[in-house]
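Okay, structure first, notes after.
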Amino acid sequence: MLKTSLALAIGLSSSLAVAATSLTVEDIPKIQSVLQTSISPDGDTVAFTRSVPRELYVAENGSNYSELYVVDDKGVERPFITGSVSIKSIQWSNDSKTIYFLAKLKDDKFTALYQIPVDGGQAQKVLSLKDTSISSYQLSPNNKQLAILAMPAADKSEKELKKLGFMAEVYELGLKDKQLFIVDLAKADLPLTPQALNVANYVSDVNWAAQGDKLLVKTQPTALIDDKYTKSQWHLFDIATNQVTMSFATEGKLDGAELSHDGRYIAILGAEDKHDPATGRLFLADTKTGEVTDWLPDFMGHIVDFEWSNKRNTLNFIANVGTQSFVASIKTGSNKYKKLIKEGQFIASNLSISDSDKTLALRANTAKHPNEVFIVRGSKAQRLTDSNNWLNDKRFAKQETISLKARDGVEIDGVLVYPLDYNEGTRYPLIMSVHGGPESHDKDGWLTNYSRPGQMGAARGYAVFYPNYRGSTGKGVGYSKLGQNDYAGKEFDDLVDFKDHLVEMGLVDAKRVGITGGSYGGYASAWGATKLTEHFAASVMFVGVTNQLSKFGTTDISNEMNLVHARSYPWDKWQWYLERSPIYWAGQSKTPLLIMHGKDDPRVHPAQSMELYRYMKVQGKDVRLVYYPGEGHGNRKVAAQYDYSLRLMRWMDNYLIDGNKDMPAFEIDHAAKLKAVKDANKS
């Protein structure tokens, strides 16, 4: 057993042979993907940023780099700023000759605004603020002004007092508001100390009117994430008078907003009500009356992005329905939309449009590639980039959406990745990978990353299933509310129904089923290892909930938990909350459980993992706890991600493929891997 475990730990073949052309654990840290796309106003080119992982065992610890590229409509790609950089928030000048972006370059202590000419030349700093970073910005339509969001600069005495040991923190008090500034580019000196505009509270987003005389401004009472989720509001701000002239009342979660080209209407992405778990409703606000109406009432999906056309009052949008997405357009005065790209081509996001309205740019993924740059002209979509051409030589397992009725008749679906080289009639081990949220859903696109096995698992001989249990998005508001006031109830019974269905299909061996997931998916994994232990032979829980009583008191989203999940407070029904906690059922567990957690997680406190670990450990259960210092609610750095992948797959292999009864070795021999890399570089 030790020999097998160590072989897996340093990336060698497991006890199950893996074809040389299939996706492996070693491939995951190499995967690049497109982060942001922005089409030029003339529609000829798309600027985009690409996420590039740091090289394992070589680069210093840190998050992925973000590089800047431009690609034309023929797919000819040009690198602009690459290497050890983090480029974000790209925007075009109105003449399509310059790209603006935020970055820390050279000796920058704070994030500054830069520009780079498209026809050649070096990046030049446009604007920086004194002693603080630019959080975000919006270039005015005439390119003469900038709307900037930034936190106030720290008082120098704060730094001095900190060195002297005065570091007391009064929890959730004394928080500073992010502020809005308008800067005239022609008069910009470096660094600037502009005067904040007269907007109360914390400003989280802005958007210019096409005429440049007004701004849409989004605020929340404080910097708290709970306020962002439950108390955000959009306002119309007049530049000349420096005043908010109109506010738009919506209830519940709130996302983006944008003014139509003529300034008459505002498209708003929000929630149906305060109990709606997600921002998937499309609203239309009238700037003359302030009236806000549901533009697509009873839409049985979720809108995820939109962009107004420039020459007419038509909105282009992307919607997720079930496990698919489509691109459509809709005119003001109508609630009937026209699909430009139908479901089944790709999973889309990040929409932008040219001045002529003839070309849309977006990022999209499929079952065989992560996010890439696409353009849409008419009803035709064209892929422009290939960030991982080595994936073209890989073999991919069959992937499809399956639907069934749960035990109470509710229609549920999910995405199934078959084992590579699947033979009908053969039963395979299953890894059920449960999404978080639960206000989220898995789509039939690229499903493989460091914590979600996907094609990596399929290549090792697993069936991998992604369940969209009730309470998931993609099927309208009503479906997304089905899990409320029923923590771990019917929503997790759905997981068992999914498993039973896959067994009945003849695909899965009922005795070799594993479960994994992060956040709410981690909660499901803990529940699977305790309350539902008879159904799962192995479990890997990531940043998961284990005690609903202490979770409420240690999270940064307690109000959101009440409004869109529990619909109650712990003191309303103490025993119920306890019995919906995996710790309550730890004593009956027969499922080996690997727990992993970021040590700096603000959403699900690391103590949640400690509680279940201790409850199981003291009772003699097979359990292991791994903390990742410096990581939060999910691992962001490549070394921690890679380590996670190794431990996840080793745990599953140990119980579901090798059939071992003892836990695998806890060590991972990174030193051997480091030596191998150094030796290879020397030669």
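Applying the ring pair (Phe, Tyr, Trp, His ring centres under 6.0 Å) test to Phe326 and every residue at least two apart in sequence or in another chain returns Tyr337. Every residue two or more places apart in sequence or in another chain was checked for a salt bridge (charged side-chain N to carboxylate O under 4.0 Å, His left out) with Lys443, and none qualifies. In this structure, Tyr577 has no ring pair (Phe, Tyr, Trp, His ring centres under 6.0 Å) partners at least two apart in sequence or on a different chain. In this structure, Ser525 has no side-chain hydrogen bond (donor to acceptor under 3.5 Å, both in side chains) partners at least two apart in sequence or on a different chain. Take Asp494 and apply the salt bridge (charged side-chain N to carboxylate O under 4.0 Å, His left out) test, not counting sequence neighbours, and it matches Arg470. Every residue was checked against the salt bridge (charged side-chain N to carboxylate O under 4.0 Å, His left out) condition with Asp572, not counting sequence neighbours, and none meets it. Partners of Lys339 according to the side-chain hydrogen bond (donor to acceptor under 3.5 Å, both in side chains) rule, which considers only residues two or more places apart in sequence or in another chain, are Glu343. Considering only residues two or more places apart in sequence or on other chains, Glu534 meets the side-chain hydrogen bond (donor to acceptor under 3.5 Å, both in side chains) condition with none of them. With sequence neighbours left out, Asp643 forms a side-chain hydrogen bond (donor to acceptor under 3.5 Å, both in side chains) with Tyr628, Arg647, His670. For Lys599, the salt bridge (charged side-chain N to carboxylate O under 4.0 Å, His left out) test picks out no residue, with sequence neighbours left out.
Between the side chains of His275 and Lys481, no donor-acceptor pair is found at a separation under 3.5 Å. For the residue pair Ser433/Arg452, the side-chain donor-acceptor check at 3.5 Å is satisfied. The closest side-chain donor-acceptor pair between Asn547 and Ser550 falls under 3.5 angstrom. Side chains of Gln399 and Asp444: a donor on one and an acceptor on the other come within 3.5 Å. No hydrogens or angles considered: a donor-acceptor pair under 3.5 Å links the side chains of Thr591 and Thr533. A side-chain donor from one of Glu372 and Ser387 sits under 3.5 Å from a side-chain acceptor of the other. Side-chain atoms of Glu491 and Tyr520 include a donor-acceptor pair closer than 3.5 Å. Donor-acceptor pairing under 3.5 Å is lacking for the side chains of Asp556 and Tyr229. A side-chain donor from one of Thr323 and Thr401 sits under 3.5 Å from a side-chain acceptor of the other. A side-chain donor from one of Ser51 and Asn64 sits under 3.5 Å from a side-chain acceptor of the other. No side-chain N or O of Thr473 forms a donor-acceptor pair with one of His302 less than 3.5 Å apart. Side-chain atoms of His597 and Ser609 include a donor-acceptor pair closer than 3.5 Å.
We find that Asp622 and Lys590 are not joined by a salt bridge, their nearest charged nitrogen and carboxylate oxygen being 4.0 Å or further apart. Salt-bridge formation is not detected for the pair Arg281/Asp294: no Lys NZ or Arg NE/NH1/NH2 atom is positioned less than 4.0 Å from an Asp or Glu carboxylate oxygen. Residues Lys475 and Glu411 are not paired through a salt bridge, judged by the lack of any N-O separation under 4.0 Å between the basic side chain and the carboxylate. Between Asp226 and Lys231 there is no salt bridge, since no side-chain nitrogen of the basic residue lies less than 4.0 Å from a carboxylate oxygen of the acidic one. Salt-bridge annotation for Asp486 and Arg580: present, with a side-chain N of the basic residue lying under 4.0 Å from a carboxylate O of the acidic one.
Remark: Gln575 CD is packed, more than 12 non-hydrogen atoms of other residues, nucleotides or ligands lying under 6.0 Å away. Enclosure of atom CG in Asp408 by more than 12 non-hydrogen atoms of other residues, nucleotides or ligands within 6.0 angstrom is indicated. Atom CZ of Phe283 has more than 12 neighbouring heavy atoms from other residues, nucleotides or ligands inside a 6.0 Å radius. Atom NZ of Lys499 is surrounded by more than 12 heavy atoms from other residues, nucleotides or ligands within 6.0 Å. Applying the 6.0 Å contact sphere to NZ of Lys405 captures no more than 12 heavy atoms from other residues, nucleotides or ligands.
Remark: Asn449 CG to Met456 CE distance equals 8.0 Å, nearest 0.5 Å. Atom CE of Met616 and atom OG1 of Thr546 lie 11.0 Å apart (nearest 0.5 Å). Once rounded to the nearest 0.5 Å, the distance linking CG of Asp305 with CG of Asn350 reads 6.5 Å. Note that CG of Leu391 and CG of Asn388 are 4.5 Å apart. Values are rounded to the nearest 0.5 Å. Summarising the geometry, atom CD1 belonging to Ile31 is positioned 12.5 Å from atom NE2 belonging to His369; distances are rounded to the nearest 0.5 Å. One distance of note links CE of Met561 with OG1 of Thr230; it measures 13.5 Å at 0.5 Å rounding.
A distance-only check finds a donor-acceptor pair linking the side chain of Thr366 to the backbone of Lys368 [under 3.5 Å]. The backbone N or O of Tyr450 lies less than 3.5 Å from a partner atom in the side chain of Ser645, making a donor-acceptor pair. Using a distance-only test at 3.5 Å, with no hydrogens or angles considered, no donor-acceptor pair links the side chain of Ser325 to the main chain of Val321. Between the side chain of Asn468 and the backbone N or O of His435 there is no donor-acceptor pair closer than 3.5 Å. Between the side chain of Arg363 and the backbone N or O of Leu35, at least one donor-acceptor pair lies under 3.5 Å.
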_I'd like to know whether Phe396 forms a side-chain contact (heavy atoms from CB on, under 4.5 Å) with Thr21, so could you lay out the CA-CA distance, the side-chain angles of the two residues, the decisive distance to 0.1 Å, and finally the verdict._
CA-CA 9 Å; Phe396 288 89; Thr21 56; over 6 Å; no
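Here Phe346 and Phe374 bring their ring centres to under 6.0 angstrom of each other.
Contacts classified as side-chain hydrogen bond (donor to acceptor under 3.5 Å, both in side chains) and involving residues 630-640 (residues at least two apart or in different chains) are given here: Ser519-His633, Asp601-His633.
Counting all heavy atoms, side chain and backbone alike, Phe498 lies closest to Gly414 at CE2-N, 4.4 Å. Considering all non-hydrogen atoms of both residues, Val543 and Gly598 come closest at CG1-N, 3.8 Å. The shortest heavy-atom contact between Ala537 and Leu656 is CB-CD2, 3.7 Å. Taking all atoms of both residues into account, the shortest heavy-atom contact from Tyr487 to His565 is OH-CB, 3.7 Å. Here the closest heavy-atom approach between residue Trp585 and residue Glu579 is recorded as NE1-O, 2.9 Å.
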Which donor-acceptor pairs under 3.5 Å do the side chains of residues 501-511 make with protein atoms, sequence neighbours left out?
{"residue": "Asp509", "atom": "OD1", "partner": "Lys511", "partner atom": "N", "Å": "3.0"}
{"residue": "Asp509", "atom": "OD2", "partner": "Arg512", "partner atom": "NE", "Å": "3.0"}

